Amino acid sequence: MSESAFPSHARVVIVGGGVMGVGLAYHLAHEGWGTGTVLLEKAELTSGSTWHAAGQITHSTSSFGLGKCVDYNIGLYSGKLEAETGQAVTWHGCGSFRLAYTEDEMDWLRHTLSVGRSLGFNIELVGPGRIAELHPFYNLDGVLGGLHTPDDGHVDPSNVTMAMAAGARAGGVRIIRRCRATNITRAPSGEWLVETQQGPILCEHVVNAGGTYARQMGEWSGLQLPMTSMTHHYFVTEEVPQFRDLERELPVIRDDRKVSGYIRMEQKKGLIGIYEKTNPNTVWEDHCPWEAENELFEADYDRVMPWLEEALNRMPIFADLGISRDVHGAISHPPDGNPLIGPAPGARNYWCCCGTQIGIGWGPGLTRELARWMVHGAADISMREFDPRRFGSYATTDWQVVKAKEDYCLRHEIPFPHLNRLAGRPVKPSPLHDLLKARGAVFEEVYGFERPRWFAQGGVAQHDHYSFRRTAVDALVGEEVRAVRERVGLMDVTAFAKVLVEGPDAFGLLDRLTANRMPQKAGAITLTHLLNRRGRIELETTIVRMADNRFYLVCAAFFEQRLLDHLADHQNGADVTVTALSDSWGALALNGPRSREVLSSCTTARLDNAAFCWLSAQKISVAGHDVWALRMSYAGELGWELHMPFPAMPDVYAALWVAGEAHGIANYGSFAMNVMRLEKGFKGAGELTNEVTLAEADVLRFARTDKAYLGRDRTLNTALPWICTYLEIDPDGERDGHGGEAVLQNGHVVGSTSSIAYGHTVGKILAFAYVKPSAAAPGTPLEVVIHGTPRPARVLDAPAYDPDSTRPRMDAISEPAA
């Protein structure tokens, strides 16, 4: 085939020639898939959102995954890309500051500092004097301090994209401009058929990198890809006299409170970018017009004026200058602000590389991980927060718009721990939602479900209390933990994924996808992991064998589509039926030393160890309803999970509550559940990610060596660059950490925390952390940097609470089982 001939077949077709699509092409070439990859762009490269980007990038992020991406990107922009391709990228390594005016903002910066230390960033927290020294023109009235990231800067978006395009072409990628895709459908062969203005292309993999077109492109293939186009302003002033004789470029200033945006130099001019906190603007809610090219909108000064005026107050040398250029362009905003990077739901080999509101800042790092995912079967960072399958069918177009506006307004607000985004909710309330709300429940959204976080009582208002320090909520969570540990607690755990796998080949399919021994008889329960071909963890699930050919799988709600896709992708003709029950079945968790007495009052079934042993399941009758009772406990106590159709939930809950009143029953939520699982040393989603093997996660006890399963050899025989350890940390009574904190040994960074919380029962902060193997031995003294201060920590060799696990197995309150 000649170079000019239009290709009829390809291994990969990428649709979209902005920084995301071109970045993926560049990285696919680096992973060995350049030849056979075709990129289509309807106009010229960068003619969508990329060309009008302001181009800043910063190490100032509290996201561990994004932190890895931006560090890679800065290295790429500041020398590597130009050296490789010979094309200038116009890197300005001026550094940046993020300012703080309040103690809450200072706490945010302290936490970001710790995350940055764990990632090895050049980062420091400084006072106003140092800020003034490096940026003498900024009005620092009211500023308490700032996070200084001296390796930051800004880059020309078009030059970066063109340089990556040159690198992609050198690696064998074919880039075809002025060729609009018109449809993407599944061919009878299982390949993807990409129809274009120049002809069709059949391909094994198709990538939606459509930017503001991505949502409507997804509709071609029956996909619902949630994102909304929001418009963002930045302004360029006339030339600034004070900039003419500067010997070095001033650092970028990120002023979240006063300006709600950023201010920097643009050559000898000033540049002001604003994310207004009220009345954000959407465009193209139905469809982006195909004729749009290098599209900008007329500036809306009324909408941004309060923040623009404050920007001039903060940079008084701009006050008497005119605006030489205004840029008002569209950017994609997913509902939660994180891009869609990874497999599309239910569509094998259809990949999303879109929904990225900060393409220059995040794009190359994310596309490198997507390329690794496509080529090797897993990315090298946790992709949970970017996986397109984190949304379900509840993400309607109207809901997307509501959430995108919310996200835009939060873009320059403090990202408090557990920030509860309330717009557009509830979407999927459980049958108990209104009842639990009346009893004080404060909910969080999990894959659309409303799950109780904590319960207001004792005069504490029923709303979220945000801080990087302890609040009144922590005391209430401690009371919920105490209720479960000493009496009995009840939690609505409907926000679990619940999937039924049945049929003649059900056992065989699950057996070759799970690392642990499958449950061998009806009523048996197994905790196991599904792996990918790199031997890394796709997800953890509980499997209940309901009958010979019938299995009930329960896992975290946000893994539901991942589980369904994994089963479908590896079914290979197996005679099975897979049914998602999550939208019609709910569940309650009953835990605590008095749980047997409570449940016994509501059923005629025998609940002693002889009749109903630990890690077994039975169908029993409760309050006149048949429910599946699973004797297991994420709290580490005697307890059951009761799974049932939605209509049964109000009656079952009411019966348990009435029976439990004599025993001091209490509602509890996910905050207490998280504390108790850390006290018991149970690993969660923060530990069990696509980054790690079972050995690295230190859960090989759940893996068999005497059976074949997907990823077996890679998970059993991979060297350990890190290992998940269990730590206790000395508390200070005020600050407990929030994940991603640096772990030190003899003053040197050896890892970072993945989960952390104060253990109310044991009086210590508890954490899981991935550390170098040399720092993982039980008893090893370490330090964890919490809010900028190193705290003494020790590696534990057993759970901090009930290390022998006698309590879940107890046969009577006074007689724990051996």
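None of the values given here were measured: they were computed from a predicted structure.
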Quiz item: Are Asp548 and Lys521 ion-paired here, with the side-chain N under 4.0 Å from a carboxylate O?
Solution: no

Quiz item: Taking atom CG of Leu607 and atom CG of Asn609, what is their separation to the nearest 0.5 Å?
Solution: 10.5 Å

Practice problem: Inspect the contact between Arg451 and Asp492 and indicate whether a charged nitrogen and a carboxylate oxygen are less than 4.0 angstrom apart. | Solution: no

Practice problem: Compute whether any side-chain donor of one residue and acceptor of the other, for His529 and Glu540, lie under 3.5 angstrom apart. | Solution: yes

Quiz item: Charged N to carboxylate O under 4.0 angstrom, Asp336 versus Arg421?
Solution: no

Quiz item: Does the Asn690 side chain pair with the main chain of Met383, one donor and one acceptor, at a distance under 3.5 Å?
Solution: yes

Quiz item: Does Arg807 offer a backbone N or O that forms a donor-acceptor pair with the side chain of Glu637 under 3.5 Å?
Solution: no

Quiz item: When you measure from the side chain of Lys707 to the backbone N and O of Asn516, does any donor-acceptor pair fall under 3.5 Å?
Solution: yes

Self-check item: Stacked cation flag Arg596 on Trp640, 6.0 angstrom / 45 deg
Solution: no

Quiz item: After noting the C-alpha distance and the side-chain angles of His643 and Glu641, does the key distance pass the side-chain hydrogen bond (donor to acceptor under 3.5 Å, both in side chains) rule?
Solution: CA-CA 6 Å; His643 292 246; Glu641 285 184 12; 2.9 Å; yes

Self-check item: side-chain hydrogen bond (donor to acceptor under 3.5 Å, both in side chains) assessment of Arg534 paired with Thr693
Solution: CA-CA 8 Å; Arg534 291 185 77 178; Thr693 63; over 6 Å; no

Practice problem: Check for a donor-acceptor pair, side chain of Lys437 on one end and backbone N or O of Val442 on the other, with a separation under 3.5 Å. | Solution: no

Exercise. Spell out, as yes or no, whether a donor-acceptor pair under 3.5 Å connects the side chain of Asp474 to the backbone of Thr471.
Key: yes

Quiz item: Is it true that a side-chain atom of Arg487 and a backbone atom of Gly664 form a donor plus acceptor pair closer than 3.5 Å?
Solution: yes

Quiz item: What distance do Arg533 atom CZ and Glu538 atom CD have between them, rounded to the nearest 0.5 Å?
Solution: 10.5 Å

Self-check item: Pair His760 and Tyr758, ring centroids less than 6.0 Å apart
Solution: yes

Quiz item: So does Arg536 pair up with Glu691, basic N to acidic O under 4.0 Å?
Solution: no

Quiz item: Got a donor-acceptor contact below 3.5 angstrom from the Lys428 side chain to the Tyr447 backbone?
Solution: yes

Self-check item: With Phe455 via ring-ring contact (aromatic ring centres under 6.0 Å, His included) - residues at least two apart
Solution: none

Quiz item: Would you say the side-chain atoms of Glu480 pair up with the backbone N or O of Ala666, donor to acceptor, closer than 3.5 Å?
Solution: no

Quiz item: Is Lys619 atom NZ crowded by more than 12 heavy atoms from other residues, nucleotides or ligands, each under 6.0 Å away?
Solution: no

Self-check item: SB check Glu679 Arg485 (cutoff 4.0 Å)
Solution: yes

Quiz item: Any Lys/Arg nitrogen of Asp511 or Arg517 sitting under 4.0 Å from an Asp/Glu carboxylate oxygen of the other?
Solution: no

Quiz item: Quick one: are Asp698 and Glu696 in side-chain contact, heavy atoms under 4.5 Å?
Solution: no

Practice problem: Name the orientation class of the two ring planes belonging to Tyr466 and Phe416 (parallel below 30°, tilted from 30 to 60°, perpendicular beyond 60°). | Solution: parallel

Practice problem: Check step by step if side-chain contact (heavy atoms from CB on, under 4.5 Å) holds for Val501 and Leu567. | Solution: CA-CA 9 Å; Val501 182; Leu567 294 172; 3.9 Å; yes

Quiz item: Once the angle between the rings of Trp585 and Tyr552 is folded into 0 to 90°, is it parallel (under 30°), tilted (30 to 60°) or perpendicular (over 60°)?
Solution: tilted

Quiz prompt | Among His465, Glu444, Gln462, His418, the one residue meeting side chain to side chain contact (heavy atoms under 4.5 Å, CB included) with Trp454 | solution = His465

Quiz item: Relative to Tyr801, does Lys680 satisfy both conditions: NZ or CZ under 6.0 angstrom from the six-membered ring centre, and within 45 degrees of the ring's axis?
Solution: no

Quiz item: Where the side chain of Glu560 meets the backbone of Ala557, is there a donor-acceptor pair that is under 3.5 Å apart?
Solution: no

Quiz item: Quick check: does any side chain N or O of Thr541 sit under 3.5 Å from a backbone N or O of Val554, one acting as donor and the other as acceptor?
Solution: yes

Quiz item: Which residues pass the side chain to side chain contact (heavy atoms under 4.5 Å, CB included) test with Arg712, sequence neighbours left out?
Solution: Thr705, Tyr709, Leu716

Quiz prompt | Donor-acceptor side-chain pairing of Asn591 and Ser633 below 3.5 angstrom | solution = yes

Quiz item: So, Arg562 and Asp387, do they make that salt bridge, N to O below 4.0 Å?
Solution: yes

Quiz item: Taking the six-membered ring for Trp, are Phe551 and Phe507 parallel (under 30°), tilted (30 to 60°) or perpendicular (over 60°)?
Solution: tilted

Quiz item: Just how far is it from atom OG1 of Thr604 to atom CD1 of Ile620, taken to the nearest 0.5 Å?
Solution: 8.5 Å

